[in-house]
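Everything below concerns the one structure shown next.
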There are 2 protein chains.
Amino acid sequence: MAITIKDIAKRTGVSHSTVSRALGGNSLISEATSTRIRKVAREMGYQPSAAARSLKTNQTKVIGVIVNSIDDPFFSEILFGIEDAAQQAGYSLFIAASQYDPIREQKIVQTMMEQRTDGVIICSSSFSADKGRQLLANGFPVVVVNYKANENFNYSIYHDDLDGSQQLTRHLLALGHTKIAYLGNSKSGRTSLDRLNGFKKEMRKAGEKINPAYIYEVGGSDPALGKESLHYFMNLSDRPTAIICFNDMLAIGFLHACRQSGIRVPDDLSVTGFDNITFSAYTSPPLTTLDQPKYSIGNESAQLLLELLGKKIENQNNTHKEKVLKGSLLVRNSTSTLTPKE
Amino acid sequence: MAITIKDIAKRTGVSHSTVSRALGGNSLISEATSTRIRKVAREMGYQPSAAARSLKTNQTKVIGVIVNSIDDPFFSEILFGIEDAAQQAGYSLFIAASQYDPIREQKIVQTMMEQRTDGVIICSSSFSADKGRQLLANGFPVVVVNYKANENFNYSIYHDDLDGSQQLTRHLLALGHTKIAYLGNSKSGRTSLDRLNGFKKEMRKAGEKINPAYIYEVGGSDPALGKESLHYFMNLSDRPTAIICFNDMLAIGFLHACRQSGIRVPDDLSVTGFDNITFSAYTSPPLTTLDQPKYSIGNESAQLLLELLGKKIENQNNTHKEKVLKGSLLVRNSTSTLTPKE
DNA sequence: AAACCTTCTGCACACGTGTGCATTAACTAT
DNA sequence: ATAGTTAATGCACACGTGTGCAGAAGGTTT
């Protein structure tokens, strides 16, 4: 059994209350006994029980993070930003991955509630809204990241996907492309839709028509799915000259399929990604993509939550706060001017 | 404030002990009241307090996981295996990333102890041994993963890096290579050393000499470091014809540098990786690597820990258990027979 | 010397759960 | 009808920590 403040009390000949106060830095206790107690505590290797403390103070100093999958390098970098902010404020992270599984989602929400997490950050774009509201209803401060799907969440931070997609589209248009396709991920909900809409909006602005056959969706963002989708576009009688992929993972698979099929990128086909994950710099050719400020997104979402925890007393239902971060176009070598074929 | 069993007791007109027993499935309580209580509990949206329960039962149903960095896709897949096993047994994960920072490591250990984690899995090959022992000394069951550095940890599970490296070396030798180099990661300690030794051992077995200049180490496993290291090998008067990289990340960067420098892989130079992370299948050319059973490593380490928690009473210091998993050679297109130059 | 203030410490209770023991009610056996 | 057995529930305490309040010790003011 771990040692408690009572053990320290016995050892120093004072009451456990005095020990509690001394270690808590309460100025009521004389400096002399205070330092003596602290010394003994250190010698005995005392570690306070988070459970007991939480029970009494009604706060855990833990914030929960719900994420789609830890495998996804995109989320990893967001997590990194969250952890930095949390750690600095003395908070620990309780991370759970939903794996797109509703049953798992429910279990996660339940666990968060049982653990009495001080707040929750939802980074999963596909996380079901009712489960999120379940947290809100139980009084948990919630910050949603890249989850514009529902306006019921009062605190959110997200990347401007519409703008990002427009930037990419403008880039391709400027290179002379008009036959531009979009490869989406039906599982990522609003995020994919926003990117599609940004593309459409910019095309309309430029007075270009969009071929409905150029819009294709797959059920996830595994590179393998990107790879498989090349078939679809190649079977079109009128092929696109450029393709905007929902994210880097799909683009990486897509590029690979191009190489295998002898389609030269960017000469035959320009390809863009989205997110700028580490590996997008190492593809062949290096991927033109939209650099999303992943670390900042994570960091600021954590800061927003922390701020929320500070003024917990006020009614958070009446306040709204929404922060939008913009990414920037990162031109590498997977896009080029349109070269006439044959 | 969240509702408690006392609230349920008041509502149903019984004592809080009866509620506790009813929800705990104690057969002492009559079936009638039991179901009635359960129904009310559900209606009121009761969520037990993990803190209070832990305090009383002295177990948290949480296992701590210490990892180098969440960014690393290699660790991500191990985490996946751990989570599956843990979830199935009703345990949650408390994940912390050390980021190779000693101060952070100390904080993590302290947090784990304060949280009274039921057990700890250390997945960080570079995690300092004394901090691990600190956990052991405080009675925490510990399982180390890929951490052969010190035999003081009684429960460990690791991949046979020596064997894996030998498999790769044999593969290259069979292709006719004799001028083989090794690109290591000085930060990963024993792991890198084992892979180096596997390489040396197999070379010796084949009667081949190793050029000391062919062994080069960098301080990490970021692809950028792999990319930079090409310079070194190209400046050698007698260049190697094949190179074994410590892991896929380095190999991916290395391949990229080759492409930029006009070095044809595998015609001019054969390159191998290690781990088989997702992206190694999408490089150009696809990477020959050693497929490490990452999921299994994670899963079995969690199972080992769970087993350990079951027979907690016995003195774990007297028992040893070590499990070794072997990976398998995965030949793709970054290696080929030696073709005479010019 | 009595009355007061200041400084420090201990007592006792609370947080939400779980559990040994006593208690009550209901039923069976003589 | 009484004693004995079984089934169901409540009482009271414990886990480790924090905190309002009372109280003790020592010093200062009248």
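Here is how names work: the chains are called A, B, and so on, in the same order as the sequence lines, proteins then strands, and each is numbered from 1. These values consider heavy atoms only, across backbone and side chains, with no hydrogens, waters or symmetry-generated copies.
- Listed pair A/R53 / D/dG16 fails the phosphate criterion, with no side-chain N or O lying under 4.0 Å from OP1 or OP2.
- Per the geometry, NZ belonging to B/K10 stands 18 Å off C1' belonging to D/dT9, to the nearest Å.
- Heavy-atom contacts from other residues, nucleotides or ligands closer than 6.0 Å to NZ of A/K323 number 12 or fewer.
- Between B/K6 atom NZ and D/dG10 atom P there is a gap of 15 Å when expressed in whole angstrom units.
- In this structure, B/I8 atom CD1 and C/dG18 atom C1' are separated by 14 Å, rounded to whole Å.
- For DNA chain C, the residues of residues 17-39 of chain B within the heavy-atom distance limit of 4.0 Å (strictly under) are B/S17, B/S20, B/R21, sorted by number.
- Taking only side-chain nitrogens and oxygens, B/S15 comes nearer than 4.0 Å to OP1 or OP2 of D/dG10.
- B/R11 CZ: 12 or fewer foreign heavy atoms inside a 6.0 Å radius.
- Computed from coordinates, the B/N58 CG to D/dG16 P distance equals 7 Å when rounded to whole Å.
- Side-chain contact check for B/N299 and B/Q303: at least one donor-acceptor pair (N or O, by modelled atom type) lies under 3.5 Å.
- Minimum heavy-atom separation, A/S301 to A/I82: OG-CG1, 3.9 Å.
- With a 6.0 Å radius and a threshold of 12 heavy atoms from other residues, nucleotides or ligands, A/R38 has its CZ atom above the threshold.
- Between A/K321 and A/E307 there is a salt bridge, since at least one side-chain N of the basic residue sits less than 4.0 Å from a carboxylate O of the acidic one.
- In this structure, B/A96 and B/M112 approach most closely via the heavy-atom pair CB-CE, 4.2 Å.
- Across the protein-nucleic acid pair, B/H16 atom NE2 and D/dC11 atom P stand 10 Å apart, rounded to whole Å.
- Using modelled atom types, one finds a donor on one side chain and an acceptor on the other under 3.5 Å when comparing A/S15 with A/T18.
- Computed from C1' positions of five pairs at each end, the angle between the two local axes of the helix from C/dA1-D/dT30 to C/dT30-D/dA1 equals 70°, rounded to 10 degrees.
- Taking the nucleotide of DNA chain D with the nearest heavy atom to each of B/R116 and B/K56, the more 5' of the two is matched to B/K56.
- Rounded to whole Å, atom P of D/dT17 lies 18 Å from atom NZ of A/K61.
- Listed here is the closest heavy atom pair of A/V67 and A/S124: C-CB, 4.0 Å.
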